[in-house]
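What's counted below: heavy atoms across the whole structure, side chains too, no hydrogens, waters or symmetry copies. Sequential numbering from 1 along the given sequence is applied to the chain's residues.
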Amino acid sequence: DAVGDRGTGDIIITDAFDATFPSTVTAENFTQVAGQGTTTFNGTIDLANNFTFTGNNLTINGAANTIDGAFDANLDTAAGVLTFGNAATTTVGGSLTQDIVGGVANTGVVIGANLTTTGNGSVIDFESAVTRTGDANETITLATNGANNSDIILQSTLANTANGENITFNAGALGDVTVTDAVGDL
């Protein structure tokens with residue numbers, strides 16, 4: 001069942017091996033302080049403020065996710081993965097970032113749907129290698145609102161899993177796009 005409308009309430013996970021949300025999650029903030037397994041959202045996420053995750057694996061499968069504040073995923077293990085499933089279109093009011101905690105370099109980001117930030121100066125910034133997943137001839141778009149410093153930054157490699165997948169970067173008139181490592185066979 002859905003985690004009901006928490007209104008001004010927060011959802012806080014202090015520690016868990018796995019945490020699964022099979023339906024819609026509506027709250028002010030979501031915070032996970034630690035996690036050794038996988039946290040999975042199969043329904044829509046609707047937050048009035050921030051999404052903050054620290055742990056192993058984070059999988060978002062729900063469609064039409066809206067986070068009015070910032071989204072920050074901190075992967076803290078050698079094999080941690082942040083996954084946006086094929087239907088997981090996500091709009092974030094602040095910055096959408098993924099960081100590596102503890103200098104572990106084998107983490108990754110898997111993107112199967114469009115990701116958008118809407119706030120002035122809000123960025124999309126992935127520290128780990130990014131892999132696009134989905135259907136052949138699909139186009140995945142990473143977009144910011146185009147204001148000054150509304151940049152798209154991939155700090156590692158960019159690859160895909162299906163032939164003919166396309167990626168569109170739209171940082172607008174004042175935002176920059178930076179891919180600092182190899183771009184794989186697209």
- Do the side-chain N and O atoms of D72 and T52 include a donor-acceptor pair separated by under 3.5 angstrom? no
- Query: Are the side chain of R132 and the backbone of N166 linked by a donor-acceptor contact shorter than 3.5 Å?
  - Reply: yes
- Message: Within the structure provided, determine whether N42 and T20 are in side-chain contact (heavy-atom separation under 4.5 Å).
- Response: yes
- Ignoring hydrogens and geometry, is there a side-chain-to-backbone donor-acceptor pair from S95 to V123 under 3.5 Å? yes
Pair up each side-chain donor or acceptor in residues 171-181 with any protein partner under 3.5 Å, not counting sequence neighbours, and list the distances.
residue: T180; atom: OG1; partner: L154; partner atom: O; Å: 3.3
residue: T180; atom: OG1; partner: Q155; partner atom: O; Å: 2.9

- Message: How long is the straight-line distance from CG of D125 back to OG1 of T117, given to the nearest 0.5 Å?
- Response: 11.0 Å
- Please tell me if the side chains of Q98 and T107 come closer than 4.5 Å, counting only heavy atoms from C-beta onward. yes
- Can you tell me if N57 uses its side chain to pair, donor with acceptor, with the backbone of V81 under 3.5 Å? yes
- Query: E127 and S156: side-chain donor and acceptor closer than 3.5 Å?
  - Reply: no
- Message: Could you tell me if N50 and E28 have a donor-acceptor pair between their side chains, going purely by distance under 3.5 Å?
- Response: no
- Task: Could you pull out the closest heavy-atom pair between L58 and A73, with the gap in Å?
- Result: CD2-CB, 4.2 Å
- Task: Using a 4.5 Å cut-off on heavy atoms from C-beta on, say whether the side chain of T40 contacts that of F21.
- Result: no
- Heavy atoms of A87 and A113 approach each other most closely as C-CB, 4.1 Å
- Using the side chain to side chain contact (heavy atoms under 4.5 Å, CB included) rule, pick out the option among I12, D10, L47, I67 that qualifies with N29. D10
- Message: Between F169 and V110, is there shared hydrophobic-cluster membership here, with clusters defined by ILVMFWY side-chain heavy atoms closer than 4.5 Å?
- Response: no
- Message: Let me check something: do I60 and I11 share a hydrophobic cluster, defined by ILVMFWY side-chain heavy atoms less than 4.5 Å apart, either directly or through other members?
- Response: yes
- Check the pair L115, F84 against side-chain contact (heavy atoms from CB on, under 4.5 Å), reporting the backbone distance first and the verdict last. CA-CA 9 Å; L115 305 176; F84 292 93; 3.7 Å; yes
- Message: Quick check: do F30 and I45 have side-chain heavy atoms less than 4.5 Å from each other?
- Response: no
- Quick one: pull up OG in S128 and CG in L75 and give me the separation to the nearest 0.5 Å. 5.5 Å
- Are any non-hydrogen side-chain atoms of I140 and N114 less than 4.5 angstrom apart? yes
- Message: Before you tell me yes or no, could you show the steps for Q32 and T14 under side-chain contact (heavy atoms from CB on, under 4.5 Å), namely the whole-Å CA-CA distance, both residues' side-chain angles and the distance that decides it to 0.1 Å?
- Response: CA-CA 6 Å; Q32 183 165 342; T14 56; over 6 Å; no
- Task: Go through the steps for D76 and T54 under the test side-chain contact (heavy atoms from CB on, under 4.5 Å), then give the verdict.
- Result: CA-CA 7 Å; D76 65 359; T54 300; 4.0 Å; yes
- Query: Can you find a heavy atom in the side chain of L158 that is under 4.5 Å from one in the side chain of I167?
  - Reply: yes
- Message: Do I111 and V130 make a side-chain contact, defined as non-hydrogen atoms from C-beta onward lying under 4.5 Å apart?
- Response: yes
- Task: Please determine which of N145, T118, N120 meets the side chain to side chain donor-acceptor pair (under 3.5 Å) test together with S150.
- Result: N145
- Would you confirm whether D99, through its side chain, and N74, through its main-chain N or O, come within 3.5 Å as a donor-acceptor pair? no
- Query: Are I153 and F126 linked, directly or through other ILVMFWY residues, by side chains that come within less than 4.5 angstrom of each other?
  - Reply: no
- Is any side-chain heavy atom of F71 less than 4.5 Å from a side-chain heavy atom of F53? no
- Query: Is there a side-chain contact (heavy atoms from CB on, under 4.5 Å) between F41 and T59 once you walk through the steps?
  - Reply: CA-CA 6 Å; F41 291 86; T59 300; over 6 Å; no
- Distance (rounded to the nearest 0.5 Å) between N61 CG and N86 CG: 9.0 Å
- Query: Hey, what do you get for OG1 (T141) to CG (N170), rounding to the nearest 0.5 Å?
  - Reply: 8.0 Å
- Note on the structure: Closest heavy-atom pair, A27 versus G9, reported as atoms and distance to 0.1 Å, is CB-O, 3.6 Å
